[in-house]
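Sequence lines set the chain letters: A, B, ... in the order given, protein chains first and strands last, and positions in each chain run from 1.
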Amino acid sequence: QKEVEQDPGPLSVPEGAIVSLNCTYSNSAFQYFMWYRQYSRKGPELLMYTYSSGNKEDGRFTAQVDKSSKYISLFIRDSQPSDSATYLCAMSALQGAQKLVFGQGTRLTINP
Amino acid sequence: KAGVTQTPRYLIKTRGQQVTLSCSPISGHRSVSWYQQTPGQGLQFLFEYFSETQRNKGNFPGRFSGRQFSNSRSEMNVSTLELGDSALYLCASSPRDRILPDTQYFGPGTRLTVL
């Protein structure tokens, strides 16, 4: 069993929809949680970075962490075609990026 | 400021060959990390260099090696290629001596296909 599980999709939704992307994990020591966005033929870029449980909002994006359920989510409101990308969750017990464990990524398409 | 550049962008090799990939970090960045991305395993950490020294290494066989030069440019080498080495190899640079997710920037990757 992988430490981090993420549904690879693909997920296809109409423009304007609310998108929910999720990851589950098994290591209770994880306390740093990230979401990355990766466009085709590009490297990942950090979208959201949270520590411990709770919510974090940045524009149309909201990250939620539920450590009791070992479950993290990324919500995208008013989705746009430009949001079409692969979204990767990542997490670690320590702050260093070399310790990150990544999910497989969910391919998302927003249809105009 | 120019981003992280990786060369070549695409590469096709055959089993048993060896390959060298190159990464130029963002100007002023001294830390370079390498990752392997595959559909099955996702993104996995290979190793990290800072000031020409390997500081961290992931769980990969010794066929995977790297180095960093005094100008912070880095190369990674894979010897005796196997079919399973087909992947996107990503390089990331960071300005700090600790690689933190919010100060780490990825390049576009080198797509390696092993036939």
Side-chain angles (χ1 to χ4, degrees), chain A residues 1-10 21-27 30-52 56 58 61 63 65 72 74 85-107, chain B residues 2-10 21 23-26 29 31-50 53-60 66 87-112:
Chain A
Q1 185 188 0
K2 292 181 188 289
E3 270 191 298
V4 178
E5 298 276 2
Q6 182 176 9
D7 186 340
L21 304 168
N22 312 294
C23 288
T24 58
Y25 62 95
S26 57
N27 189 342
F30 287 151
Q31 51 182 348
Y32 295 92
F33 303 93
M34 282 127 278
W35 286 95
Y36 289 81
R37 179 174 61 195
Q38 186 174 19
Y39 289 116
S40 180
R41 287 184 284 278
K42 299 279 189 182
E45 56 177 332
L46 184 66
L47 205 54
M48 301 288 276
Y49 183 19
T50 56
Y51 170 73
S52 194
K56 184 174 183 178
D58 184 1
F61 298 88
V65 175
I72 70 170
L74 177 71
T86 296
Y87 289 80
L88 302 130
C89 65
M91 46 200 81
S92 67
L94 301 174
Q95 206 174 13
Q98 72 274 19
K99 304 295 185 185
L100 287 176
V101 180
F102 285 85
Q104 287 181 270
T106 300
R107 182 175 291 182
Chain B
V4 178
T5 57
Q6 293 187 246
T7 56
R9 291 293 310 277
Y10 302 92
L21 312 181
C23 170
S24 293
I26 292 171
H29 286 197
S31 171
V32 173
S33 301
W34 288 90
Y35 296 81
Q36 181 196 65
Q37 188 175 27
T38 60
Q41 297 299 317
L43 222 153
Q44 295 181 284
F45 174 77
L46 277 157
F47 29 65
E48 182 242 343
Y49 287 86
F50 180 81
T53 301
Q54 186 183 90
R55 294 197 303 180
N56 294 285
K57 191 176 192 305
N59 189 24
F60 278 82
L88 181 68
Y89 289 89
L90 292 158
C91 167
S93 77
S94 173
R96 303 174 62 170
D97 60 351
R98 295 177 67 201
I99 47 169
L100 302 174
D102 55 350
T103 57
Q104 186 183 52
Y105 300 89
F106 284 88
T110 293
R111 172 74 62 186
L112 172 64

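- With a 4.5 Å cut-off on non-hydrogen atoms, B:R111 does not touch chain A at all.
- Judged purely by atom type and a 3.5 angstrom limit, A:Q104 uses its side chain to pair as donor or acceptor with the backbone of B:P39.
- The OG1 atom of B:T103 lies 9.5 Å from the CG atom of A:L46; values are rounded to the nearest 0.5 Å.
- Options A:G105, A:P8, A:A90, A:G43 differ in how many heavy-atom pairs under 4.5 Å they form with chain B, and the most are formed by A:G43.
- The choice from A:M34, A:R41, A:E45 that makes the most heavy-atom pairs within less than 4.5 Å of chain B is A:R41.
- When heavy atoms are compared at a cutoff of 4.5 Å, A:Q38 approaches chain B solely by way of its side chain, counted from C-beta outward.
- Of the two parts of B:L88, only the side chain, counted from C-beta on, holds a non-hydrogen atom closer than 4.5 Å to a non-hydrogen atom of chain A.
- Only the side chain of B:L90 comes within contact range of chain A, with at least one heavy atom under 4.5 Å from a heavy atom of that chain.
- Using a 4.5 Å heavy-atom cutoff, the side chains of B:Q37 and A:L88 are in contact.
- Between chain A and the residues B:G107, B:A92, B:G58, B:C91, the most heavy-atom pairs under 4.5 angstrom are made by B:G107.
- Only the side chain of B:Y10 comes within contact range of chain A, judged by heavy atoms closer than 4.5 Å.
- Residues A:F102 and B:Q41 are not in side-chain contact: their nearest non-hydrogen atoms beyond the backbone lie 4.5 Å or more apart.
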